[in-house]
Amino acid sequence: MSNHQPIAILDSGVGGLTVAKEVMRQLPQERVLYFGDTARAPYGPRSKEEVALFTKQIVEYLLQYDPKMIVIACNTATAVAIDDIRSAVSVPVLGVILPGSRAAIKRTKNGQIGVIGTEGTIRSGAYDAALRRISPGVRVVSLACPEFVPLVERGLFRSEEAYDVVCEGLAPLRRETIDTLILGCTHYPFLAERIQECMGDGVALISSADQTARDVSTLLAHTGQLASSSDVPAHRFFCSGEPETFRWIAQEWLSEQIQVTPVMWQVPKID
């Protein structure tokens with residue numbers, strides 16, 4: 001396997017760009033393939049069967065580019081589909097739940113951790129299980145915030161509307177004594193400033209993006225697959241929905257110009 005094969009990163013929409021940005025920052029010689037399933041976002045309200053099918057479909061599409069690693073940069077897809085994907089492909093597959101959980105355990109002082117995520121992620125209990133596996137005595141308070149992803153997908157993450165929606169959605173957590181809050185959806189770092197304003201400076205926000213990128217780096221170093229080229233890597237971006245909004249959000253977040261390839265699925269979508 002060549003060290004110059006790309007790292008494939010997939011998400012239900014633009015949220016996984018938070019992970020892609022960290023991978024690109026920490027590993028500037030690596031090539032990234034990013035796929036956002038914007039036509040079918042959000043995944044949170046969908047059934048496990050739908051999320052598993054969509055994730056499998058995206059992975060099969062990305063395999064044609066011969067990636068050396070796959071990162072499921074979607075908490076809902078990680079919770080539902082990562083084991084099946086790992087058993088189906090021959091390259092390493094990383095998710096975002098365990099890295100975020102480890103980072104939160106390191107950060108908390110009082111052992112009380114909040115988790116916000118999509119309905120699917122919270123319903124799965126994946127963060128509760130991961131956190132308690134690391135630290136059995138931890139207290140976990142989970143909250144689904146289904147209104148957050150549509151805000152980000154519409155590019156409204158810096159708007160006044162976002163502040164109002166975020167504060168209303170987080171109201172139950174503000175009555176808790178958590179000192180650490182996991183942003184359990186890769187869309188949520190787009191709203192990090194608004195979330196911090198609402199929760200206050202006494203609550204540390206944990207994004208899985210940084211730790212996931214570190215795990216990517218560690219694994220590639222361990223297997224001797226880190227890219228070594230001095231050339232600027234050519235990243236590629238794909239989306240299944242309307243490409244212009246995706247391109248605008250990606251360029252805003254990544255602070256660089258990109259090209260987006262729209263992908264029209266050949267199999268029927270599940271409504």
Side-chain angles (χ1 to χ4, degrees), residues 9-22 36-37 41-46 48 51 55 71-82 94-108 111-135 138-153 157 162 165-174 176 178-196 198-199 203-215:
I9 301 175
L10 63 97
D11 182 59
S12 63
V14 300
L17 291 168
T18 58
V19 176
K21 183 175 183 176
E22 275 301 307
D37 195 12
Y43 281 5
R46 293 187 178 275
K48 290 182 179 180
V51 174
T55 306
V71 180
I72 303 178
C74 171
N75 287 269
T76 306
T78 297
V80 169
I82 192 167
L94 297 184
V96 287
I97 290 176
L98 188 57
S101 299
R102 288 203 310 268
I105 292 294
K106 287 180 184 177
R107 188 63 181 269
T108 184
Q112 300 190 49
I113 297 173
V115 180
I116 54 175
T118 67
E119 297 155 292
T121 298
I122 299 302
R123 188 169 56 244
S124 75
Y127 269 104
D128 296 57
L131 288 163
R132 292 196 172 98
R133 195 179 309 125
I134 301 167
S135 180
V138 72
R139 176 173 177 260
V140 183
V141 182
S142 300
L143 179 68
C145 299
E147 302 89 357
F148 290 9
V149 170
L151 274 177
V152 176
E153 288 290 332
F157 44 92
V165 170
V166 165
C167 282
E168 183 176 347
L170 294 176
L173 281 184
R174 297 173 70 183
E176 300 287 344
I178 61 171
D179 70 347
T180 304
L181 179 61
I182 296 175
L183 307 183
C185 172
T186 49
H187 284 76
Y188 293 178
F190 281 88
L191 297 165
E193 290 183 18
R194 301 305 195 194
I195 293 170
Q196 193 74 73
C198 294
M199 294 302 298
V203 176
L205 303 187
I206 300 295
S207 166
S208 59
D210 176 71
Q211 189 61 51
T212 300
R214 291 175 187 272
D215 286 4

Asker: I want to check something: taking the side chain as every heavy atom from C-beta on, are Arg214 and Arg102 in contact at a cut-off of under 4.5 Å?
Answerer: no
Asker: Please check if the side chain of Tyr188 supplies one atom and the backbone of Cys145 the other of a donor-acceptor pair under 3.5 Å.
Answerer: yes
Asker: Is there a side-chain contact between Leu181 and Ile195 (heavy atoms, below 4.5 Å)?
Answerer: yes
Asker: Test side chain to side chain contact (heavy atoms under 4.5 Å, CB included) on Leu131 and Val115; report intermediate values, then the result.
Answerer: CA-CA 10 Å; Leu131 288 163; Val115 180; 4.0 Å; yes
Asker: Which of these, Val165, Ile116, Leu183, Val152, sits in a side-chain contact (heavy atoms from CB on, under 4.5 Å) with Leu191?
Answerer: Val152
Asker: For the CG atom of Leu94 and the CD1 atom of Ile82, what is their distance to the nearest 0.5 Å?
Answerer: 7.0 Å
Asker: Under the 3.5 angstrom rule, does the side chain of Gln112 hit a backbone N or O of Asp179 as a donor-acceptor pair?
Answerer: no
Asker: Near Arg107 CZ, under 6.0 Å, is it more than 12 heavy atoms from other residues, nucleotides or ligands?
Answerer: no
Asker: If you take all heavy atoms of Cys198 and Val166, which pair is closest and at what distance?
Answerer: SG-CG1, 3.9 Å
Asker: Given side chains that start at C-beta, do those of Tyr127 and Ile97 come closer than 4.5 Å, heavy atoms only?
Answerer: yes
Asker: With rounding to the nearest 0.5 angstrom, report the OG to NZ distance, Ser135 to Lys106.
Answerer: 13.5 Å
Asker: Are Val96 and Ile72 packed together at the side-chain level, in the sense that at least one heavy-atom pair is separated by less than 4.5 angstrom?
Answerer: no
Asker: At their closest point, which heavy atom of Gly15 faces which heavy atom of Glu153, and how far apart are they?
Answerer: N-OE2, 4.3 Å
Asker: So which of Asp37, Thr121, Asn75 actually passes side-chain hydrogen bond (donor to acceptor under 3.5 Å, both in side chains) with Tyr43?
Answerer: Asp37
Asker: Can you name the nearest heavy-atom pair linking Asp11 to Ala73, along with the distance?
Answerer: OD1-O, 2.9 Å
Asker: Should we say atom CD of Glu168 is surrounded by more than 12 heavy atoms from elsewhere, each under 6.0 Å from it?
Answerer: no
Asker: If you take all heavy atoms of Arg123 and Gly44, which pair is closest and at what distance?
Answerer: NH2-O, 3.8 Å
Asker: Quick one: does Thr108's side chain have a donor or acceptor within less than 3.5 Å of a partner on Ala104's backbone?
Answerer: no
Asker: Contact between Ser12 and His187 at the side-chain level, heavy atoms closer than 4.5 Å - yes or no?
Answerer: yes
Asker: Does a side-chain heavy-atom distance below 4.5 Å link Thr212 with Thr186?
Answerer: no
Asker: Out of curiosity, Cys74 SG to Leu10 CG, how far, rounded to the nearest 0.5 Å?
Answerer: 8.0 Å
Asker: Identify the two heavy atoms, one from Cys185 and one from Val149, that lie closest to each other, and give their separation to 0.1 Å.
Answerer: SG-CG2, 3.7 Å
Asker: Are side-chain heavy atoms of Gln211 and Ile206 found at a separation under 4.5 Å?
Answerer: no
Asker: Judged by atom type as modelled, is there a donor-acceptor pair below 3.5 Å linking the side chain of Glu176 to the main-chain atoms of Ile113?
Answerer: no
Asker: Give me the atom names and distance for the closest heavy-atom approach of Leu205 to Gln196.
Answerer: CG-OE1, 3.3 Å
Asker: Taking side chain as C-beta onward, heavy atoms only, is Ser101 less than 4.5 Å from Ile134?
Answerer: yes
